[in-house]
Amino acid sequence: MLVAFSVTPIGAGEDVGALVAEAVRVVRASGLPNETTSMFTTIEGEWDEVMDVVRRATEAVGAGGGRVSLVLKADIRPGAHDALHAKVAMVERYLEPAGEF
């Protein structure tokens with residue numbers, strides 16, 4: 001499964017980068033395939049392991065501020081492998097000039 005999530009401390013002011021970095025630190029330490037963009041972190045793995053990482057990342061942000069907003073989107077597709085990259089590669093192939101697909 002793929003899970004894209006965003007965790008944000010509430011009431012911590014405008015500069016939340018240090019707290020968000022704590023969440024990303026948890027994700028990267030998990031060893032699961034992941035990517036972080038300006039808006040979301042996406043992680044790939046089995047349900048229990050991915051949701052555990054999301055929980056721990058959320059708790060890491062909450063430890064610095066108490067109240068946390070969590071946005072989560074999941075693509076649950078049994079048997080899929082390397083969907084983190086395969087889904088993007090498919091779109092890129094469609095963007096290639098006609099005749100080069």
Side-chain angles (χ1 to χ4, degrees):
M1 85 182 291
L2 283 176
V3 169
F5 75 102
S6 173
V7 58
T8 307
I10 304 296
E14 270 189 57
D15 186 7
V16 297
L19 290 172
V20 171
E22 292 304 315
V24 174
R25 190 179 323 278
V26 169
V27 171
R28 291 182 180 175
S30 75
L32 295 174
N34 66 85
E35 291 184 357
T36 298
T37 65
S38 60
M39 297 288 292
F40 286 91
T41 293
T42 304
I43 186 169
E44 184 171 14
E46 297 300 318
W47 178 279
D48 288 340
E49 60 188 359
V50 168
M51 295 310 247
D52 179 60
V53 172
V54 170
R55 178 188 54 79
R56 290 186 291 115
T58 303
E59 289 173 349
V61 172
R67 186 174 179 193
V68 177
S69 171
L70 173 66
V71 175
L72 184 142
K73 181 176 181 178
D75 181 355
I76 304 163
R77 190 173 188 185
H81 298 285
D82 195 30
L84 188 65
H85 301 108
K87 291 176 80 165
V88 174
M90 175 63 72
V91 172
E92 290 295 336
R93 285 199 304 267
Y94 281 111
L95 292 171
E96 291 177 2
E100 294 184 30
F101 188 87

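Heavy-atom minimum distance, D82 versus E44: N-OE2, 3.2 Å. Taking each heavy atom of M1 and E46 in turn, the nearest pair found is SD-C, 4.4 Å.
Annotation: R67, atom CZ; neighbour count of heavy atoms from other residues, nucleotides and ligands within 6.0 Å does not exceed 12.
V50 and I76 fall within the same hydrophobic cluster, defined by Ile, Leu, Val, Met, Phe, Trp and Tyr side-chain heavy atoms under 4.5 Å apart, directly or through other members. Placement of W47 and L32 within a single hydrophobic cluster is found when ILVMFWY residues are connected by side-chain heavy-atom separations under 4.5 Å, directly or transitively. Cluster annotation: L72 and V7 are assigned to the same hydrophobic cluster (Ile/Leu/Val/Met/Phe/Trp/Tyr, side-chain heavy-atom contacts under 4.5 Å, transitive). Follow the hydrophobic side-chain contacts under 4.5 Å out from V68 and you never reach V20; the two are in separate clusters. F40 and M51 fall into different hydrophobic clusters, where Ile, Leu, Val, Met, Phe, Trp and Tyr residues are linked whenever their side-chain heavy atoms come under 4.5 Å apart, directly or through other members.
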Checklist entry - Could you walk me through whether R93 and E96 pass the salt bridge (charged side-chain N to carboxylate O under 4.0 Å, His left out) check? => result CA-CA 5 Å; R93 285 199 304 267; E96 291 177 2; over 6 Å; no
Next on the checklist: Does V3 form a side chain to side chain contact (heavy atoms under 4.5 Å, CB included) with V54? I'd like the steps, not just the answer.
Outcome noted: CA-CA 9 Å; V3 169; V54 170; 4.1 Å; yes
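Distance alone, capped at 3.5 Å, places no donor-acceptor pair between the E35 side chain and the L84 backbone.
Of the residues V53, L70, V26, the one that meets the side-chain contact (heavy atoms from CB on, under 4.5 Å) test with T58 is L70.
Using a 4.0 Å cut-off between charged nitrogen and carboxylate oxygen, E59 and R56 do not count as a salt-bridge pair.
Put simply, CG on L2 and CG on N34 are 11.5 Å apart, with the number rounded to the nearest 0.5 Å. Rounding to the nearest 0.5 Å gives a distance of 11.0 Å between CG of D48 and CZ of R55.
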